[in-house]
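Data first, discussion second: the structure below is written as C-alpha coordinates.
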Amino acid sequence: MDRNLDAIDELNEAAVDAGFDCSYLQLDQGYLKASSRSIQVGQVGLVREVVDRSVEYRGVMFADTLTFMSVLEGENARIAGLPGGSAYLWFVPSGFHLSMVTGGYIDVVTISVPREVLLPHVPSASPAGNIFSINEPAALRLPEKNAENLKSTLAACFSSESNFAIAGELQTLIVEDIVNILRKVRVGRGVASDRNFKQHDRLIKASDFIAENLHRPVSISELTEVTATSERTLLRHFKAHYGLSPNQYARIKRLEEVRRSLKSQRGRHGAITKAAMDFGFSHLGRFAAEFQTHFGVLPSEVVGKAVGTEGSPQGCG
(Lines give C-alpha, C1' and ligand atoms only; values in the text may rest on other atoms or scores of the structure.)
Protein backbone atom coordinates (compact mmCIF):
# COMPACT_ATOMS: atom_id res chain seq x y z
CA MET A 1 0.00 0.00 0.00
CA ASP A 2 1.16 3.56 -0.53
CA ARG A 3 -1.19 5.78 1.49
CA ASN A 4 -0.29 6.14 5.14
CA LEU A 5 -3.95 6.66 6.01
CA ASP A 6 -4.03 2.87 6.07
CA ALA A 7 -0.40 1.70 6.38
CA ILE A 8 0.01 2.31 10.11
CA ASP A 9 -3.45 0.86 10.73
CA GLU A 10 -2.49 -2.29 8.82
CA LEU A 11 0.63 -2.71 10.93
CA ASN A 12 -1.37 -2.29 14.13
CA GLU A 13 -4.15 -4.62 13.01
CA ALA A 14 -1.66 -7.27 11.89
CA ALA A 15 0.08 -7.06 15.27
CA VAL A 16 -3.22 -7.65 17.06
CA ASP A 17 -3.96 -10.60 14.78
CA ALA A 18 -0.54 -12.07 15.60
CA GLY A 19 -1.16 -11.66 19.32
CA PHE A 20 1.36 -8.88 19.94
CA ASP A 21 0.69 -6.26 22.61
CA CYS A 22 2.20 -3.38 20.66
CA SER A 23 1.57 -0.27 18.59
CA TYR A 24 3.25 1.61 15.76
CA LEU A 25 3.86 5.32 15.20
CA GLN A 26 5.02 7.03 12.01
CA LEU A 27 7.92 9.35 12.84
CA ASP A 28 8.86 10.69 9.37
CA GLN A 29 6.83 13.24 7.46
CA GLY A 30 5.03 12.37 4.22
CA TYR A 31 3.43 9.28 2.72
CA LEU A 32 4.25 5.97 4.36
CA LYS A 33 4.51 2.58 2.70
CA ALA A 34 4.24 -0.39 5.01
CA SER A 35 3.05 -3.97 4.98
CA SER A 36 2.84 -6.80 7.47
CA ARG A 37 2.21 -10.53 7.27
CA SER A 38 2.09 -13.11 10.05
CA ILE A 39 2.30 -16.89 9.70
CA GLN A 40 2.58 -19.87 12.03
CA VAL A 41 5.28 -22.43 11.29
CA GLY A 42 4.59 -25.30 13.62
CA GLN A 43 4.88 -23.73 17.08
CA VAL A 44 7.02 -20.86 15.83
CA GLY A 45 5.32 -17.54 15.06
CA LEU A 46 6.69 -15.29 12.33
CA VAL A 47 5.72 -11.69 11.59
CA ARG A 48 7.28 -9.93 8.61
CA GLU A 49 7.14 -6.14 8.37
CA VAL A 50 8.37 -3.95 5.54
CA VAL A 51 8.43 -0.21 6.24
CA ASP A 52 9.95 2.55 4.12
CA ARG A 53 9.99 5.38 6.66
CA SER A 54 11.09 5.81 10.24
CA VAL A 55 8.48 4.12 12.43
CA GLU A 56 8.44 3.41 16.15
CA TYR A 57 7.40 -0.03 17.40
CA ARG A 58 6.35 -0.09 21.05
CA GLY A 59 5.35 -3.33 22.63
CA VAL A 60 5.80 -6.09 25.18
CA MET A 61 7.33 -9.36 24.08
CA PHE A 62 5.38 -12.62 24.44
CA ALA A 63 5.53 -14.39 27.78
CA ASP A 64 7.17 -17.84 27.81
CA THR A 65 8.80 -17.27 24.40
CA LEU A 66 12.18 -16.27 23.11
CA THR A 67 11.78 -13.49 20.57
CA PHE A 68 14.31 -12.68 17.86
CA MET A 69 14.11 -9.93 15.25
CA SER A 70 15.92 -10.83 12.05
CA VAL A 71 16.81 -7.89 9.82
CA LEU A 72 16.55 -9.09 6.22
CA GLU A 73 17.28 -5.70 4.69
CA GLY A 74 18.08 -2.29 6.14
CA GLU A 75 20.66 -1.49 8.78
CA ASN A 76 19.20 1.41 10.76
CA ALA A 77 16.99 -0.30 13.33
CA ARG A 78 17.72 0.61 16.92
CA ILE A 79 16.36 -0.42 20.29
CA ALA A 80 16.21 2.06 23.15
CA GLY A 81 19.21 1.51 25.38
CA LEU A 82 21.31 -0.16 22.68
CA PRO A 83 23.63 1.63 20.24
CA GLY A 84 22.21 2.06 16.75
CA GLY A 85 23.67 0.34 13.73
CA SER A 86 23.55 -2.94 11.91
CA ALA A 87 22.63 -6.19 13.58
CA TYR A 88 21.42 -9.22 11.66
CA LEU A 89 19.56 -10.46 14.70
CA TRP A 90 18.18 -8.87 17.86
CA PHE A 91 17.23 -10.90 20.89
CA VAL A 92 14.40 -9.46 23.03
CA PRO A 93 13.46 -11.27 26.27
CA SER A 94 9.89 -12.09 27.17
CA GLY A 95 8.02 -9.39 29.06
CA PHE A 96 10.47 -6.69 28.00
CA HIS A 97 8.90 -3.28 27.24
CA LEU A 98 10.48 -2.63 23.87
CA SER A 99 10.89 0.61 21.97
CA MET A 100 12.37 -0.01 18.53
CA VAL A 101 12.79 2.55 15.75
CA THR A 102 13.24 1.41 12.16
CA GLY A 103 15.22 4.51 11.17
CA GLY A 104 14.17 4.27 7.51
CA TYR A 105 13.55 1.38 5.12
CA ILE A 106 13.65 -1.98 6.82
CA ASP A 107 12.48 -5.53 6.15
CA VAL A 108 12.38 -7.38 9.48
CA VAL A 109 10.99 -10.71 10.65
CA THR A 110 10.01 -11.21 14.29
CA ILE A 111 10.54 -14.84 15.34
CA SER A 112 8.71 -16.07 18.45
CA VAL A 113 9.96 -19.44 19.65
CA PRO A 114 8.28 -21.09 22.68
CA ARG A 115 10.79 -21.71 25.43
CA GLU A 116 9.97 -25.43 25.53
CA VAL A 117 10.74 -25.75 21.80
CA LEU A 118 14.24 -24.29 22.12
CA LEU A 119 15.27 -25.57 25.56
CA PRO A 120 15.92 -29.21 24.52
CA HIS A 121 18.36 -27.96 21.88
CA VAL A 122 20.04 -25.31 24.04
CA PRO A 123 20.18 -26.59 27.64
CA SER A 124 20.24 -23.74 30.12
CA ALA A 125 23.47 -25.14 31.58
CA SER A 126 25.27 -24.89 28.22
CA PRO A 127 27.37 -21.83 27.23
CA ALA A 128 24.66 -20.74 24.77
CA GLY A 129 22.00 -21.30 27.41
CA ASN A 130 22.59 -17.95 29.08
CA ILE A 131 20.12 -16.61 26.50
CA PHE A 132 17.44 -17.88 28.90
CA SER A 133 18.70 -15.82 31.81
CA ILE A 134 19.30 -12.34 30.38
CA ASN A 135 16.42 -9.90 30.76
CA GLU A 136 17.53 -7.13 28.43
CA PRO A 137 17.77 -6.89 24.61
CA ALA A 138 20.97 -7.96 22.88
CA ALA A 139 22.32 -7.40 19.38
CA LEU A 140 23.72 -10.62 17.92
CA ARG A 141 26.26 -9.94 15.19
CA LEU A 142 26.39 -13.13 13.18
CA PRO A 143 28.98 -14.83 11.02
CA GLU A 144 27.95 -14.26 7.40
CA LYS A 145 27.16 -17.93 6.78
CA ASN A 146 24.79 -18.08 9.76
CA ALA A 147 23.05 -14.90 8.68
CA GLU A 148 22.52 -16.21 5.15
CA ASN A 149 21.24 -19.57 6.41
CA LEU A 150 18.65 -17.86 8.61
CA LYS A 151 17.56 -15.52 5.80
CA SER A 152 17.14 -18.48 3.43
CA THR A 153 15.05 -20.37 5.97
CA LEU A 154 12.79 -17.38 6.62
CA ALA A 155 12.38 -16.77 2.88
CA ALA A 156 11.30 -20.40 2.48
CA CYS A 157 8.73 -19.98 5.26
CA PHE A 158 7.11 -16.97 3.62
CA SER A 159 7.18 -18.48 0.13
CA SER A 160 5.62 -21.80 1.15
CA GLU A 161 2.09 -20.42 0.64
CA SER A 162 0.72 -21.98 3.84
CA ASN A 163 2.00 -25.45 2.99
CA PHE A 164 1.30 -27.04 6.36
CA ALA A 165 2.76 -30.34 5.18
CA ILE A 166 6.27 -28.92 5.52
CA ALA A 167 5.62 -26.72 8.57
CA GLY A 168 7.37 -29.21 10.85
CA GLU A 169 10.45 -29.30 8.61
CA LEU A 170 10.60 -25.50 8.47
CA GLN A 171 10.24 -25.23 12.25
CA THR A 172 13.18 -27.62 12.61
CA LEU A 173 15.26 -25.48 10.25
CA ILE A 174 14.44 -22.29 12.17
CA VAL A 175 15.37 -23.89 15.49
CA GLU A 176 18.58 -25.34 14.03
CA ASP A 177 19.58 -21.95 12.62
CA ILE A 178 18.98 -20.22 15.96
CA VAL A 179 20.82 -22.94 17.91
CA ASN A 180 23.82 -22.67 15.58
CA ILE A 181 23.80 -18.90 16.01
CA LEU A 182 23.67 -19.10 19.80
CA ARG A 183 26.59 -21.54 19.81
CA LYS A 184 28.77 -19.18 17.76
CA VAL A 185 27.97 -15.75 19.17
CA ARG A 186 28.61 -14.53 22.65
CA VAL A 187 25.39 -13.39 24.27
CA GLY A 188 26.35 -10.66 26.70
CA ARG A 189 24.42 -8.87 29.39
CA GLY A 190 22.16 -7.26 26.79
CA VAL A 191 21.82 -3.55 27.37
CA ALA A 192 25.38 -3.93 28.65
CA SER A 193 25.74 -0.96 30.96
CA ASP A 194 23.87 0.89 33.65
CA ARG A 195 24.11 4.01 31.50
CA ASN A 196 22.32 2.38 28.56
CA PHE A 197 19.70 0.81 30.81
CA LYS A 198 18.98 4.20 32.38
CA GLN A 199 18.60 5.69 28.89
CA HIS A 200 16.09 2.98 27.99
CA ASP A 201 14.20 3.47 31.24
CA ARG A 202 14.02 7.24 30.79
CA LEU A 203 12.74 6.96 27.22
CA ILE A 204 10.03 4.47 28.23
CA LYS A 205 8.94 6.63 31.18
CA ALA A 206 8.87 9.79 29.05
CA SER A 207 6.95 8.23 26.16
CA ASP A 208 4.49 6.61 28.59
CA PHE A 209 3.86 9.95 30.28
CA ILE A 210 3.26 11.57 26.88
CA ALA A 211 0.83 8.78 25.97
CA GLU A 212 -1.08 9.36 29.21
CA ASN A 213 -1.47 13.08 28.46
CA LEU A 214 -2.33 13.23 24.77
CA HIS A 215 -5.17 15.67 25.45
CA ARG A 216 -2.68 18.49 26.00
CA PRO A 217 0.87 19.66 25.25
CA VAL A 218 3.38 18.24 27.73
CA SER A 219 6.18 20.52 28.94
CA ILE A 220 9.83 19.54 29.00
CA SER A 221 9.92 20.33 32.72
CA GLU A 222 7.24 17.69 33.34
CA LEU A 223 9.26 15.12 31.43
CA THR A 224 12.47 15.90 33.28
CA GLU A 225 10.62 15.49 36.56
CA VAL A 226 9.09 12.15 35.50
CA THR A 227 12.44 10.82 34.26
CA ALA A 228 14.58 12.40 37.01
CA THR A 229 17.07 13.75 34.49
CA SER A 230 18.16 17.05 33.00
CA GLU A 231 16.61 18.69 29.95
CA ARG A 232 19.89 18.38 28.07
CA THR A 233 20.23 14.66 28.81
CA LEU A 234 16.63 13.92 27.88
CA LEU A 235 16.97 15.84 24.62
CA ARG A 236 20.10 13.83 23.78
CA HIS A 237 18.32 10.53 24.49
CA PHE A 238 15.34 11.45 22.29
CA LYS A 239 17.54 12.65 19.43
CA ALA A 240 19.65 9.48 19.57
CA HIS A 241 16.68 7.10 19.57
CA TYR A 242 13.84 8.87 17.74
CA GLY A 243 15.72 11.53 15.79
CA LEU A 244 13.26 14.00 17.35
CA SER A 245 13.04 16.32 20.33
CA PRO A 246 10.61 15.37 23.11
CA ASN A 247 8.25 18.14 21.94
CA GLN A 248 8.32 16.91 18.32
CA TYR A 249 7.69 13.33 19.43
CA ALA A 250 4.74 14.39 21.63
CA ARG A 251 3.15 16.42 18.81
CA ILE A 252 3.40 13.46 16.43
CA LYS A 253 1.71 11.23 19.02
CA ARG A 254 -1.12 13.76 19.35
CA LEU A 255 -1.45 14.12 15.57
CA GLU A 256 -1.76 10.34 15.29
CA GLU A 257 -4.56 10.32 17.86
CA VAL A 258 -6.37 13.04 15.91
CA ARG A 259 -6.03 10.95 12.74
CA ARG A 260 -7.48 7.90 14.49
CA SER A 261 -10.35 9.98 15.84
CA LEU A 262 -11.15 11.43 12.41
CA LYS A 263 -11.17 7.99 10.79
CA SER A 264 -13.76 6.84 13.32
CA GLN A 265 -15.99 9.87 12.69
CA ARG A 266 -16.07 10.10 8.91
CA GLY A 267 -18.90 12.27 7.65
CA ARG A 268 -19.66 13.79 11.06
CA HIS A 269 -20.07 17.57 11.15
CA GLY A 270 -17.59 19.33 13.43
CA ALA A 271 -15.32 16.28 13.67
CA ILE A 272 -12.12 18.12 12.73
CA THR A 273 -12.50 20.94 15.23
CA LYS A 274 -13.51 18.59 18.03
CA ALA A 275 -10.67 16.14 17.40
CA ALA A 276 -8.09 18.93 17.19
CA MET A 277 -9.29 20.48 20.44
CA ASP A 278 -9.55 17.10 22.19
CA PHE A 279 -5.84 16.53 21.61
CA GLY A 280 -4.54 19.97 22.47
CA PHE A 281 -4.41 21.75 19.09
CA SER A 282 -6.01 25.15 19.69
CA HIS A 283 -4.82 26.89 16.49
CA LEU A 284 -6.76 25.12 13.75
CA GLY A 285 -4.95 26.66 10.80
CA ARG A 286 -1.55 25.66 12.14
CA PHE A 287 -2.93 22.23 13.05
CA ALA A 288 -4.24 21.56 9.52
CA ALA A 289 -0.91 22.53 7.95
CA GLU A 290 1.02 20.37 10.41
CA PHE A 291 -1.33 17.43 9.84
CA GLN A 292 -0.88 17.68 6.06
CA THR A 293 2.90 17.98 6.35
CA HIS A 294 3.15 14.86 8.48
CA PHE A 295 0.59 12.57 6.84
CA GLY A 296 0.52 13.96 3.30
CA VAL A 297 -3.23 14.65 3.41
CA LEU A 298 -5.51 17.30 4.88
CA PRO A 299 -7.71 16.47 7.88
CA SER A 300 -10.73 16.99 5.62
CA GLU A 301 -9.54 14.16 3.36
CA VAL A 302 -9.59 11.80 6.32
CA VAL A 303 -12.96 12.77 7.73
CA GLY A 304 -14.61 12.88 4.29
CA LYS A 305 -16.08 15.61 2.12
CA ALA A 306 -19.62 15.47 3.47
CA VAL A 307 -19.00 17.63 6.51
CA GLY A 308 -20.23 21.05 5.39
CA THR A 309 -17.78 23.94 5.49
CA GLU A 310 -15.34 21.92 7.55
CA GLY A 311 -14.71 19.72 4.51
CA SER A 312 -12.51 22.42 2.93
CA PRO A 313 -9.01 23.49 3.92
CA GLN A 314 -10.40 26.90 4.90
CA GLY A 315 -12.96 25.28 7.17
CA CYS A 316 -10.25 23.76 9.36
CA GLY A 317 -8.23 26.90 9.68
Side-chain angles (χ1 to χ4, degrees), residues 18-20 37-49 57 59-75 77-79 81-83 85-96 98 100 106-160 162-192:
F20 282 108
R37 182 185 173 196
S38 61
I39 60 175
Q40 195 71 23
V41 181
Q43 293 178 268
V44 176
L46 301 178
V47 180
R48 185 173 188 174
E49 296 143 308
Y57 167 104
V60 183
M61 296 297 100
F62 285 130
D64 300 320
T65 65
L66 295 184
T67 300
F68 300 87
M69 290 184 169
S70 175
V71 180
L72 302 185
E73 189 175 350
E75 299 182 346
R78 54 191 179 273
I79 293 175
L82 284 176
S86 173
Y88 286 111
L89 194 69
W90 300 92
F91 166 70
V92 187
S94 62
F96 191 84
L98 175 71
M100 179 179 179
I106 191 169
D107 183 351
V108 62
V109 177
T110 301
I111 309 166
S112 299
V113 186
R115 184 187 181 96
E116 65 269 18
V117 171
L118 199 56
L119 187 56
H121 304 276
V122 185
S124 55
S126 70
N130 65 346
I131 194 78
F132 294 105
S133 62
I134 67 172
N135 57 7
E136 300 156 2
L140 310 180
R141 303 189 183 278
L142 315 182
E144 186 174 349
K145 181 179 179 181
N146 293 101
E148 291 305 316
N149 286 345
L150 180 59
K151 287 181 180 181
S152 297
T153 300
L154 295 175
C157 291
F158 282 96
S159 64
S160 63
S162 302
N163 188 341
F164 297 106
I166 62 171
E169 296 176 26
L170 291 174
Q171 174 182 298
T172 299
L173 287 175
I174 292 172
V175 171
E176 286 178 353
D177 287 340
I178 290 176
V179 169
N180 287 333
I181 289 166
L182 294 179
R183 285 172 178 165
K184 293 182 179 180
V185 301
R186 182 178 179 181
V187 182
R189 181 175 172 270
V191 173

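Every value quoted in this text rests on a predicted model; they were computed, and no experiment measured them. Residue numbers count from 1 along this sequence.
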Please check if the number of heavy atoms outside Glu144 that lie under 6.0 Å from its CD is greater than 12.
no
Search all heavy atoms of [X] against all heavy atoms of [Y] and return the closest pair with its distance.
| X | Y | value |
| --- | --- | --- |
| Phe132 | Val122 | CE1-O, 3.0 Å |
| His121 | Arg183 | O-NH2, 3.7 Å |
| Phe62 | Thr67 | N-OG1, 4.5 Å |
| Ile79 | Pro137 | CG2-CG, 4.0 Å |

Have a look at Ile181 and tell me which of Leu150, Asn149, Ile131 forms a side chain to side chain contact (heavy atoms under 4.5 Å, CB included) with it.
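Filter result, single survivor: Leu150.
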Below 4.5 Å, heavy atoms only, C-beta onward: do [X] and [Y] meet side chain to side chain?
| X | Y | result |
| --- | --- | --- |
| Asp107 | Val71 | no |
| Leu72 | Val108 | no |
| Leu142 | Lys184 | no |
| Leu98 | Val60 | no |
| Leu66 | Ile111 | no |

Side-chain (Asn180) to main-chain (Glu176) donor-acceptor, under 3.5 angstrom
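Side chain of Asn180 to backbone of Glu176, a donor-acceptor pair under 3.5 Å: yes, one is there.
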Using only atom types and a distance under 3.5 Å, with no angle test, would you say the side chain of Thr65 pairs donor to acceptor with the backbone of Met61?
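Looks like no, no N/O pair under 3.5 Å.
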For Cys157 and Ile39, what are the C-alpha separation, side-chain angles and deciding distance, and is it a side-chain contact (heavy atoms from CB on, under 4.5 Å)?
CA-CA 8 Å; Cys157 291; Ile39 60 175; 4.1 Å; yes
Worked verdict on Arg78 versus Met100 for side-chain contact (heavy atoms from CB on, under 4.5 Å):
CA-CA 6 Å; Arg78 54 191 179 273; Met100 179 179 179; over 6 Å; no
Cationic tip of Arg37 within the cone over Phe158's six-membered ring, i.e. under 6.0 Å and within 45° of the normal?
no
Apply the test side-chain contact (heavy atoms from CB on, under 4.5 Å) to residues Val109 and Phe68: give CA-CA distance (whole Å), side-chain angles for both, the deciding distance (0.1 Å), then the verdict.
CA-CA 8 Å; Val109 177; Phe68 300 87; over 6 Å; no
If I take atom [atom1] from residue [X] and atom [atom2] from residue [Y], how far apart are they, to the nearest 0.5 angstrom?
| X | Y | atom1 | atom2 | value |
| --- | --- | --- | --- | --- |
| Lys151 | Leu89 | NZ | CG | 11.0 Å |
| Ser94 | Arg115 | OG | CZ | 7.5 Å |
| Ser112 | Met69 | OG | CE | 8.5 Å |

Tyr57 vs Phe20 aromatic rings, parallel, tilted or perpendicular, using cut-offs 30° and 60°?
perpendicular
Assess whether side-chain contact (heavy atoms from CB on, under 4.5 Å) is satisfied between Ile174 and Leu46, documenting all intermediate values.
CA-CA 10 Å; Ile174 292 172; Leu46 301 178; 4.1 Å; yes
